[in-house]
Structure formats: C-alpha cells, structure tokens
Amino acid sequence: MSDPSPIRAVKGMNDVLPDAMPRWHRLEAAFRETARRYGYGEVRTPLVEPTPLFVRSIGEATDIVSKEMYTFVDKGDDMLTLRPEGTASAVRAYVEHSVNGQEPVSKWYYLGPMFRRERPARGRYRQFWQAGLECFGDPGPQIDAEMIEMVVTLLSSLGVQDIEVLVNSLGSRETRGRYRETLRAFLQPHEARLSEESKQRLITNPLRILDSKSPTDQEICAGAPSILDLLDEADKKHFDELTQTLTALGTKFRVEPKLVRGLDYYSRTLFEIQGKGGELGAQNALCGGGRYDGLVKELGGPDVPSIGFAMGLERILLALPNEANVRSLDAVVVVTEPSMNVKAAVLLKSLRDAGLTAEGDLRGQSMKSQLRRAEKLGARTVIILGPAEEARGVVQLKDMRARHQEDVTHAEVIAAVRTRLAMDAPIDGATR
RNA sequence: GUGGCCGUAGCUCAGUUUGGUAGAGCACUGGAUUGUGGCUCCGGUUGUCGCGGGUUCGAGCCCCGUCGGUCACCCCA
C-alpha cells in the first residue's frame with residue numbers, strides 16, 4: 001500500500017471520540033432510566049430490514065421513502081434498506097413474535113442509529129441516533145399524555161431549557177381524507193400565489209402546505225379550516241381527554257392544528273417537541289411522535305392501537321447545557337527513571353485490582369512532564385517510584401491537592417491512597 | 001436535491017484587499033529547578049495553505065472543477 005491518501009468517514013456519518021462520550025452516556029443513561037421507571041423494556045431489532053416494510057408503513061409518497069432511504073440489492077434479489085426510523089421495525093417484531101397474544105399491553109423502548117440520505121447540516125446527519133418508545137395495545141388517551149409528559153420530564157431532568165410541546169389530532173384516516181379535500185378546496189383559489197413547492201404539494205399532499213415556511217404560504221394558511229373542526233365525536237373526545245390529562249399532569253403544551261408531520265401512518269394524537277435554543281438552527285424538532293392505530297394491522301398483525309415517539313440524540317446533545325468535562329483519576333504512577341518501569345507496571349496492576357482508577361506514563365518522559373500530565377488527568381494522588389526509595393523499601397506518595405508527599409511502604413500504598421480519597425468523600429459516604 | 005458562505009499547524013485564527021521566503025496564541029516537548037505538578041522565563045517540534053487542474057517568471061491569495069463543513073430552503077430526529 002503506497003497510496004497515503006487517507007480514507008474519510010462517509011459524508012454525514014460521524015465519529016464520536018472518547019472525550020465527547022460522557023455527554024452521550026449521560027443522555028443514554030437518563031433515557032434508559034426514565035423509560036424503565038415508566039414501565040418500558042428495551043427491544044433491539046436489526047439495522048437492516050426488507051425494503052417493503054418501510055414502504056408500506058411510512059408511505060410511498062413520503063420524502064423518507066421516495067428519496068432518503070439507503071436501499072440495496074442483497075446477493076440475489078432481496079431489496080434491503082438501512083432503517084430510516086424505528087417504529088416500523090418495532091411493529092414488525094411485535095407482529096412476528098405474536099406479542100399481542102402474550103400480554104395485552106406492551107411497552108418497548110429502543111436506542112440506536114438510523115439512516116437517511118439527506119443533505120447534512122448541523123443537527124442533521126445521514127447516520128443519526130434516535131431513542132424512542134412504542135406502546136402497543138393501549139388506545140389512550142391517558143397513555144398518550146403519559147408519553148408526552150415523560151419526554152418533557154426527561155428533557156427537563158437533563159437541563160434542556162426552552163422547549164415547546166405542540167399537540168394536534170389528525171383524527172381517523174377517514175377524517176384525514178375529508179380534511180385533505182376540504183383544505184385543497186380552500187387553497188385552490190389561492191394557487192397562483194402559493195410557492196412553487198406548495199403548488200406541487202396541492203396535488204400530492206396538501207396537508208404539508210400548512211407547515212411551509214414561506215411567508216406567503218403561511219399568510220394564506222392563516223385562514224384555512226382547522227382539522228380539529230372536522231373530527232368526529234370519538235376523535236374529539238379522545239383529543240379533549242388528552243389535553244385535559246396533560247393539564248392535570250402539569251405539562252405545558254400548545255394545540256397546533258397546523259402540525260402535520262411527514263409520516264403516513266399517524267392517526268389521532270400527534271405531537272412534537274421543539275427546542276428554541278440558538279444552537280439548533282432550523283433543526284429544532286427535538287422529538288416527534290404520535291398514535292398509529294392502524295399500522296399493526298396493516299403490517300399483517302391484529303388490530304392493536306399503538307403510540308410511539310422518537311427523539312434525535314444529536315439534537316438533544318446540542319440543546320444540552322455545556323458541562324465541564326472533569327476527568328479524575330485516583331492515582332498516577334510516576335517513575336524517576338525507566339529502570340523502574342517494570343515495578344511501575346506491577347504497582348498499576350495492584351492498584352487496579354483494588355478497584356482504583358490508575359494511570360502511568362512509562363514512555364520515558366521527564367518527571368516534569370509526567371507530573372504535568374498527572375495534573376491534567378485530575379490525579380488525586382501520585383505515586384513516585386525511584387531507586388533511592390526502592391533501596392529503603394518505600395515509595396513516595398504525593399497528595400496533589402495538599403502539595404505534600406511522604407514515604408509509604410509498598411504494603412501500605414493502597415490503603416494510603418484510599419485514605420486520601422476518603423477525605424474528599426461526601427459525609428453521606430459515596431462508596432468506592 | 002436547490003441556492004449562499006467557509007476550508008491555512010492537533011485546536012482557535014491572522015495572512016487573501018495591491019500574487020513575491022507560511023505566521024500567532026493554545027497544546028505538546030526540553031531546560032531554568034543534577035528526581036517533583038498548577039505561576040513565570042528561555043528554547044524546540046508539528047503545515048501536501050482541503051484536493052485536482054488552469055493563468056503567471058512566480059499562486060495560501062486569481063480562475064475552473066471537486067471534496068468537506070456550514071446557513072437558508074426542502075424535510076425531519
């Protein structure tokens with residue numbers, strides 16, 4: 001191999017290096033813990049699925065299916081697709097394992113990468129991480145409210161500020177069909193003034209015109225009929241109870257009749273949480289979800305009502321307050337000369353065997369350099385090995401905070417380090 | 001996918017106007033302190049100036065292309 005030109009990561013797909021990982025871990029742990037507290041268990045499904053799964057569930061005409069999927073032909077002629085979202089796979093697994101026959105209500109969560117071939121931008125990537133929930137078997141509306149409330153609780157516990165919860169109801173599929181025609185009839189007279197994109201949408205999907213960002217489109221839509229006025233009695237009751245429950249739970253929200261979202265399978269409850277911090281730019285949808293009562297049946301399963309949501313982890317991370325990335329080590333082993341390296345390696349093993357976090361730099365650097373590095377790594381103590389001490393059967397134990405050091409015998413080193421650590425421990429006694 | 005802007009050291013950036021020997025701070029490292037960290041001082045290492053082509057005696061700078069990033073649109077998490 002003589003070509004030195006480096007290979008780069010695929011466009012829109014990113015590495016996360018160890019320094020950035022603590023934020024990810026904190027987010028993932030908070031999500032898992034919250035999900036567990038609300039009764040959700042983790043499900044893991046393949047990253048690759050048969051292409052028809054997404055075409056049938058998300059909808060042929062949607063942007064995701066029509067232009068954003070990574071699809072390829074497997075050896076032979078199977079069409080496979082890298083999952084662009086999580087719900088379809090979860091429903092497939094739910095049906096495939098006949099889970100409905102085992103329990104009336106199933107609450108699942110998932111966490112993993114999704115793939116969409118879009119133009120990358122801040123907060124939008126071709127491989128991105130989503131965490132999501134799916135609840136099968138409960139027609140709501142209390143479970144709908146619970147799910148929304150749970151996300152809000154999660155975000156606020158993470159310190160995400162300035163969010164807004166948008167809620168809407170799409171009603172039944174029939175209602176949606178009727179509304180589509182009503183809206184089209186309303187917009188038709190204004191066609192000439194609509195943006196080019198919206199003229200197209202007037203034919204393909206008039207609902208999408210509602211959330212166009214074109215000022216003229218918005219102006220026209222301001223007077224458009226609301227889908228909430230077309231809901232039938234049952235849908236209306238469902239929506240009213242949802243808003244009542246949210247209010248009772250103390251979750252702030254705004255009813256937004258223009259919220260439509262881009263997946264075909266939604267029915268009744270629809271919601272989105274938007275971040276308002278400047279870090280997010282135009283990618284301000286932190287999470288979105290809704291009810292998909294007909295989907296399980298459409299994918300060959302029983303008629304089970306369901307609701308789910310997903311949040312984009314990269315976006316949450318952008319909205320998360322910055323925190324100092326404090327590193328800490330219990331002990332760093334320093335050698336005065338390379339002849340001590342073997343002894344240092346042995347000492348490091350015994351420190352780690354004792355459950356302590358310990359590091360040593362045995363590349364032959366100067367002591368100044370080794371100590372500077374110990375400082376930078378946040379070492380609480382430094383253990384110095386040198387020939388002079390070795391001759392006396394001791395090591396130097398340095399307390400980095402007190403800037404003080406003393407002789408300690410080999411047998412006492414670990415206990416001495418622990419004593420230093422105990423001095424920092426809170427009164428209620430964090431264990432180590 | 002469409003349009004705008006930006007790519008100079010590991011990081012943050014100056015240098016581009018008027019083409020003429022690639023710079024600073026941070027970081028890393030050696031020393032001042034014959035084996036001791038946070039401050040200070042002195043020294044040192046690191047660049048295919050994103051990549052390719054063109055114009056020119058000469059290109060980091062001008063032109064074209066391309067890749068990457070970013071902003072808006074589109075859409076979405």
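Since the model is a prediction, treat every value here as computed from it, not as a measurement. Every chain is numbered from 1, with letters handed out A, B, ... down the list of sequences.
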Result block: side-chain N/O donor-acceptor pairs under 3.5 angstrom for residues 140-151 of chain A, not counting sequence neighbours:
residue	atom	partner	partner atom	Å
Gln142(A)	NE2	Glu241(A)	OE1	3.0
Gln142(A)	NE2	Thr245(A)	OG1	3.2
Asp144(A)	OD1	Arg291(A)	NH2	2.6
Asp144(A)	OD2	Thr269(A)	OG1	2.7
Asp144(A)	OD2	Arg291(A)	NE	3.0
Glu146(A)	OE2	Lys107(A)	NZ	3.1
Glu149(A)	OE1	Tyr38(A)	OH	2.9
Glu149(A)	OE2	Tyr38(A)	OH	3.2
Glu149(A)	OE2	Thr153(A)	OG1	2.6

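Of the side-chain N and O atoms in Lys11(A), one or more sit less than 4.0 angstrom from OP1 or OP2 of rG68(B).
The base of rG35(B) is not paired with the side chain of Gln370(A) by any donor and acceptor separated by under 3.5 Å.
In summary, of the residues considered (Gln365(A), Gln370(A), Arg373(A)), a side-chain contact (heavy atoms from CB on, under 4.5 Å) with Val334(A) occurs for Gln370(A) alone.
In this structure, Arg32(A) pairs ionically with Glu42(A), as a charged nitrogen and a carboxylate oxygen lie closer than 4.0 Å. Contact check on Arg126(A) versus Glu314(A) returns no salt bridge, with no Lys/Arg side-chain nitrogen under 4.0 Å from an Asp/Glu carboxylate oxygen.
When each of rC76(B), rC28(B), rU36(B) is scored by its nearest atom to the side-chain atoms of Leu371(A), the top-ranked nucleotide is rU36(B). Relative to the side chain of Arg208(A), the nucleotides rG68(B), rU36(B), rC76(B) differ in distance, and rC76(B) lies closest. The side chain of Ala285(A) lies closest to rC76(B), out of rG68(B), rC76(B), rC73(B).
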Between protein and nucleotides 2-8 of chain B, what N or O pairs are separated by less than 3.5 Å?
residue	atom	partner	partner atom	Å
rU2(B)	O4	Arg119(A)	NH1	3.1
rG3(B)	O6	Arg119(A)	NH2	2.8

Between protein and nucleic acid, restricted to nucleotides 30-33 of chain B and to nitrogen or oxygen atoms under 3.5 Å apart, what atom pairs and distances do you find?
residue	atom	partner	partner atom	Å
rG30(B)	OP1	Ser366(A)	N	3.3
rG30(B)	OP1	Ser366(A)	OG	3.4
rG30(B)	OP2	Ser366(A)	OG	3.2
rA32(B)	N6	Lys368(A)	NZ	3.2

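Checked by atom type, the side-chain pair Ser172(A)/Ser267(A) shows no donor-acceptor distance below 3.5 Å. Side-chain contact of Tyr125(A) with Arg116(A): a donor-acceptor pair under 3.5 Å is absent, judged by distance alone.
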